[in-house]
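Notes to accompany the following structure.
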There are 2 protein chains.
Amino acid sequence: MPKPRKETMEENRMKLIAAARKAFAEKGYSAASMDDLTAEAGLTRGALYHNFGDKRGLLAAVVEQIDSEMAARAQAIGTREGDEWQAILAEGAAYIEMALDAEVQRIVLLDGPAVLGDPSKWPSQNSCLQVTKRSVERLIAQGIIKQLDAEAAARLLSGAALNAALWVAASENPPNVLPKAVEAFRSLADGLLSKPS
Amino acid sequence: MPKPRKETMEENRMKLIAAARKAFAEKGYSAASMDDLTAEAGLTRGALYHNFGDKRGLLAAVVEQIDSEMAARAQAIGTREGDEWQAILAEGAAYIEMALDAEVQRIVLLDGPAVLGDPSKWPSQNSCLQVTKRSVERLIAQGIIKQLDAEAAARLLSGAALNAALWVAASENPPNVLPKAVEAFRSLADGLLSKPS
DNA sequence: CATTTGATATACGACGCGTATGTAATACTC
DNA sequence: GAGTATTACATACGCGTCGTATATCAAATG
C-alpha cells in the first residue's frame, strides 16, 4: 500500500515552507542556506528547486502563507466590530501588533519587499492589502470616508501601520511604545473621515 | 609635490560611494559585485574593506549620503511654505516624489531596511525622520496638531509617504496615480490636526 | 509486467565574500 | 634629511552558496 504521490509531495512542500519560515525568520533571507534549510526538513535542494524553482520562489511561497494568515486574522478581528469604521481601525491596530512578530517583520516587511519587489506586484497580490482595500471601498460607498482612491488610501493606511510596527519593534521597550503607535495611527486614520469627529 | 594623503583617501571614498550608488541602484545590493563595483571606481576590494569594513558598511555610507540629501531637500521645500502646517504637508509630498527615483527606492527603501535593519537604528539616525520629527514637535508645541508622541507621529507620516511612493512607482502609470497618492496623504495627515479643517 | 513519467538526490562549475598577507608611498622622529 | 613606522591599498587564498545538469528510484499507466 504505497502512499499516493500527490500526498507526499504536498507534505514535502509544507515541510520545506515550514523550514524556510524558521530559517528566514532566524537568519534572514540572504544568510539562510538552502542546504541547511532543506536538511532541516529531511530533504535536499533537489526537492526545493523542483517545487519552487529557485530561492526567490521559496520566499514567495513563504510570504504568501504568512500574508494570508495575517489577512485572515485581521478580517476576523475586523468583523467582530460593530460598525465598519471601528472595524478598519481594529484591523490597523491588529496589523501593528502582528507585525511585532519577528517572523512577520523579517520575512514580510523587510526581506519580502527587498527581494520580491513592491507588495502590489507579489503573486499572492498581498491579501492584507486586498482586505483593507475592500474595507475602504465599503466606507467610501457609505460616505463615511472621503472620496479618495481606495487603493491609495488602503496603501497609505497599511504603510503607516506596518511602519509603526517596525518602529515599535526596534524601540527599547516595545510594550511601552506600542500604545503610542496605535494612538497615532487612529488619529491619522481620522483624517480619512468625511465628517471629522 | 606629492598629494596629501588625507585628500586622496577622501577622493577614493567618494569614488567608491559613487560607484556603489550606481551599482546598488541598478542591480540591487545583493546582486552588486564588489569586484565590479570597485573596478568601476578604478580601485580594488582592498580599498573598500579598508574604508568601510565590509559590504554592509559601504551600504550604510551610501544610505547616509542619500538620506541626508533627501532631508536637506525636504527641509528646503518645507521652509518655503508660509506656515508650519503647510510646510509639513509639502515635506510629505516631497518625500513621495523623491521616492519615485529608482536610486532612492531601491537603496533607501528596500535594501536599506532589509540589510541594515529599521531606519531608527541606522548610524545616520535617518535625517529624514529627524526633520519631520522636529516639524511635528513644533506643531504640537503650537497646539496645531494633537498631543501625540512626536516620534510616533513622524514615523507614521513618513511611513505613509514612503509606502505611497513605492505604490506609485510600482503602478502602471506613475504620473497618473501620483496625485491620488498625494491627495490621500494630505487627507490622512489632516487626522493629526487638533481642530480638523 | 513493461514502460514511462516525474519527484527527489547527487555531482559539477562558477562566483562572491571575507581575510590574511604583501607592497609601496606617505608621515613621523631624531 | 635619513631611517623607521604607519597605513592605504593590492593580491592571493579558502570557504560557502547558488543554480544546473545528470542520475536514480518509486509510482503511475497501459
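Because only heavy atoms are used, hydrogens play no part in the values below, and waters and symmetry mates are left out as well, while side chains stay in. In the text below, chain A, chain B and the rest are named by the order of the sequence lines, each starting its count at 1.
Residue B:Leu43 is in sugar-phosphate contact alone, with no base atom involved, counting any heavy-atom pair closer than 4.0 Å across all strands shown.
Between B:Glu10 atom CD and D:dC9 atom P the separation is 10 Å, expressed in whole Å. Between the CZ atom of A:Arg13 and the P atom of C:dT8 there is a distance of 10 Å, rounded to whole Å. The separation between A:Leu59 atom CG and D:dG19 atom P is 12 Å, rounded to whole Å. As rounded to whole Å, 13 Å separates atom P of D:dG19 from atom CG of A:Leu37.
For B:Asn12 and D:dA8, the shortest distance from a side-chain N or O to OP1 or OP2 is not below 4.0 Å. OP1 or OP2 of D:dC9 sits under 4.0 Å from a side-chain N or O of B:Asn51. Remark: B:His50 is in phosphate contact with D:dA8, judged by side-chain N or O atoms under 4.0 Å from OP1 or OP2.
Residue A:Met9 has its side chain nearest to C:dT8 when only C:dT8, D:dC9, C:dA9 are considered.
Remark: the backbone N or O of A:Leu129 is not paired with any side-chain donor or acceptor of A:Ser158 at under 3.5 angstrom. B:Asp111 contributes no side-chain N or O that, together with a main-chain N or O of B:Ile107, makes up a donor-acceptor pair within less than 3.5 Å. Between the side chain of A:Asn126 and the backbone N or O of A:Ser120 there is no donor-acceptor pair closer than 3.5 Å.
Pairs passing the side-chain hydrogen bond (donor to acceptor under 3.5 Å, both in side chains) check and including a residue from residues 167-191 of chain B, sequence neighbours excluded, do not occur. Within the structure, every pair that satisfies the salt bridge (charged side-chain N to carboxylate O under 4.0 Å, His left out) test and touches residues 77-103 of chain B, not counting sequence neighbours, is listed here: B:Arg21-B:Glu103, B:Glu84-B:Arg138.
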- Take B:Trp122 and B:Val108 through the test side chain to side chain contact (heavy atoms under 4.5 Å, CB included) and record every step on the way to the result. CA-CA 11 Å; B:Trp122 290 356; B:Val108 179; 4.2 Å; yes
Extract from the structure each pairing of a protein N or O with an N or O of nucleotides 16-18 of chain C at less than 3.5 Å, listing the distance.
unit_1: C:dC17; atom_1: OP1; unit_2: B:Ala32; atom_2: O; d: 3.2
unit_1: C:dC17; atom_1: OP1; unit_2: B:Met34; atom_2: N; d: 3.3
unit_1: C:dC17; atom_1: OP1; unit_2: B:Lys55; atom_2: NZ; d: 3.1
unit_1: C:dC17; atom_1: OP2; unit_2: B:Met34; atom_2: N; d: 3.2
unit_1: C:dG18; atom_1: OP2; unit_2: B:Tyr49; atom_2: OH; d: 2.4
unit_1: C:dG18; atom_1: N7; unit_2: B:Arg45; atom_2: NH2; d: 2.8
unit_1: C:dG18; atom_1: O6; unit_2: B:Arg45; atom_2: NH2; d: 2.3

